[in-house]
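See structure below.
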Number of protein chains: 2
Amino acid sequence: MASRRPSGIALPTIRRLPMYASVLEQTRQEGQDHVSSPQIASALGLEPIQVRKDLAAIGVSGQPRVGFPVAELLTAIERFLGWDNLSDAFIIGAGHLGVALAGYHGFSRHGLNVVALFDADPGKVGTRVHGKEILDMGRFADLVDRLHVHIAILTVPDEAAAEVVETAVAAGIRGIWNFTATKLVAPEGVIVERVDLAASLAVLSSKLADMSGRDRGSG
Amino acid sequence: MASRRPSGIALPTIRRLPMYASVLEQTRQEGQDHVSSPQIASALGLEPIQVRKDLAAIGVSGQPRVGFPVAELLTAIERFLGWDNLSDAFIIGAGHLGVALAGYHGFSRHGLNVVALFDADPGKVGTRVHGKEILDMGRFADLVDRLHVHIAILTVPDEAAAEVVETAVAAGIRGIWNFTATKLVAPEGVIVERVDLAASLAVLSSKLADMSGRDRGSG
DNA sequence: TAGATTGTTAATCGATTAACAATC
DNA sequence: TAGATTGTTAATCGATTAACAATC
């Protein structure tokens, strides 16, 4: 049903790329100019063969006995993930989560530049957090257009999510990073990527329950 | 390498359970007492057969022509995910993200009760956020023991993560919900579940790049 | 050279999807 | 009854892992 990945790289591989980048930065800092797949694998708890497959996918090859060139690999990953040039983004929803994300400096190293926050609450509008202005949601469409922003980070209350998405899409937003608990519907051509806390918590709870003997307490 | 899931339910299924719960709550609110797999599937953009497989996994069966019993299904999912009895948790790191999570009321519906926050910054210790106290990290081990808390939510700066995990594990924490960008090492028997924002952002960026023609701009 | 590591080709594994008889 | 839906059994699909020749 989902169309084949145009980039030809599998999503599981793409999700692992930031981990490789992190290990490679460490490696570089240690002054190593090459690193082997067993080294990377052990640092991340993966199998060497999986590392080799992933690195092959982004088009960097290694040398037998020597490993992979650290700098070249890092550049290739950063380039692939778009970390080498910043994309502007608006945060919609200046609640605690929105403010937290606005203050996260790590995003700039990941190609994301938060330009401003938007909120519907007049009490918040006009104030600043982390040096960024909180603007009235009424001005969103205009500013998306004038500043050519393509990415929205959604941190509004769940009930507001559906309506806000409509506004965002109508304004020309092409990618939505969805932090709400709501499954969003978006038209063809608009990418929605969700950070699903409930799913993550479900995995944690389930593993904990398995660990301590699921349901031991009751019955 | 990973041991077989003791609960016998595949992780992808577990990750979808909260979505089913959400749809079922809606359905119940609409007064329907049964719901079919095609109904659920269309609400979530899944295939009916996948819904049936998932629901079979948690042990609820439906009726041909009628569908699945909404209330029973909801109860089964909530029970499986532990939403029916609260587990206490400590948040470690009272920065913006920690405070944001402390203020998220949805967790209580997901079986998680945030008892308090911990921070190493004396300027924060003693204050309250969302009605919850911020305590000195020095008191962590003692309070884990006295209050029998088993879950820690990790929202410290990345550099601090490794050390804090050691402290937490030594104190008796059994499950860590890791919001840092750090891959954590924990001993056998301690569950670490990571909310990997970098991976999620990588997927969004990559899909956006595919959409607009990867690398069209340069070269 | 000897031997560690790469990269290719094949095998395995697990999840998703399809087909269809059973059922109400 | 007619027909929508379930649940089982089989097929497909994609990702991970294994085996091993090639290489430096």
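Every chain is numbered from 1, with letters handed out A, B, ... down the list of sequences. The analysis underlying the following values was restricted to heavy atoms, covering all of them including side chains, and did not include hydrogens, waters or symmetry mates.
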Checking the side chain of [X] only, and the main-chain atoms of [Y] only, is there a donor and an acceptor separated by less than 3.5 Å?
{"X": "A:N178", "Y": "A:T182", "value": "yes"}
{"X": "B:T75", "Y": "B:A71", "value": "yes"}
{"X": "A:S200", "Y": "B:E193", "value": "no"}
{"X": "A:Q50", "Y": "A:E47", "value": "no"}
{"X": "B:T27", "Y": "B:Q32", "value": "no"}

#### Entry: Side-chain touch A:R174/A:I191, heavy atoms, less than 4.5 angstrom
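They are not in contact (no side-chain heavy atoms under 4.5 Å apart), so the answer is no.
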
Rounded distance in Å - [atom1] ([X]) to [atom2] ([N]):
{"X": "B:D54", "N": "D:dT8", "atom1": "CG", "atom2": "C1'", "result": "16 Å"}
{"X": "B:I49", "N": "D:dC13", "atom1": "CD1", "atom2": "P", "result": "16 Å"}
{"X": "B:L46", "N": "C:dT16", "atom1": "CG", "atom2": "C1'", "result": "11 Å"}
{"X": "A:E47", "N": "C:dT6", "atom1": "CD", "atom2": "C1'", "result": "16 Å"}
{"X": "A:I40", "N": "C:dG7", "atom1": "CD1", "atom2": "P", "result": "11 Å"}
{"X": "A:I14", "N": "D:dT16", "atom1": "CD1", "atom2": "P", "result": "12 Å"}
{"X": "A:L11", "N": "C:dT16", "atom1": "CG", "atom2": "P", "result": "14 Å"}
{"X": "B:H34", "N": "C:dC24", "atom1": "NE2", "atom2": "P", "result": "13 Å"}

All N/O pairs under 3.5 Å across the protein-nucleotides 1-5 of chain D interface:
| unit_1 | atom_1 | unit_2 | atom_2 | d |
| --- | --- | --- | --- | --- |
| D:dG3 | N2 | B:R65 | NE | 3.3 |
| D:dA4 | O4' | B:R65 | NH1 | 2.9 |
| D:dT5 | O4' | B:R65 | N | 3.2 |

### Query
Less than 6.0 Å separating the ring centroids of A:W83 and A:F107?
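So the answer is no for these two rings.
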
### Query
When the ring centroid of B:H130 is compared with that of B:H105, is the distance short of 6.0 Å?
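Judged by ring-centre distance (under 6.0 Å), B:H130 and B:H105 do not meet the cut-off.
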
### Query
Could you spell out the base pairing of DNA chain C in dot-bracket, with Watson-Crick or G-U pairs whose two distances are under 3.5 Å, [ ] crossing and | to another strand?
..||||||||||||||||||||||

### Task
Have a look at B:S61 and say if it touches a base, only the backbone sugar-phosphate, or nothing, with a 4.0 Å heavy-atom cut-off.
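Answer is sugar-phosphate: B:S61 comes under 4.0 Å of backbone atoms only.
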
### Message
Counting distance alone, no hydrogens or angles: does the base of D:dT16 have a donor or acceptor under 3.5 Å from a partner atom on the side chain of A:K53?
### Response
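A donor-acceptor contact between them is absent.
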
### Query
For A:Y20, what residues pass the ring-ring contact (aromatic ring centres under 6.0 Å, His included) criterion, not counting sequence neighbours?
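For A:Y20, no residue satisfies ring-ring contact (aromatic ring centres under 6.0 Å, His included) once neighbours in sequence are set aside.
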
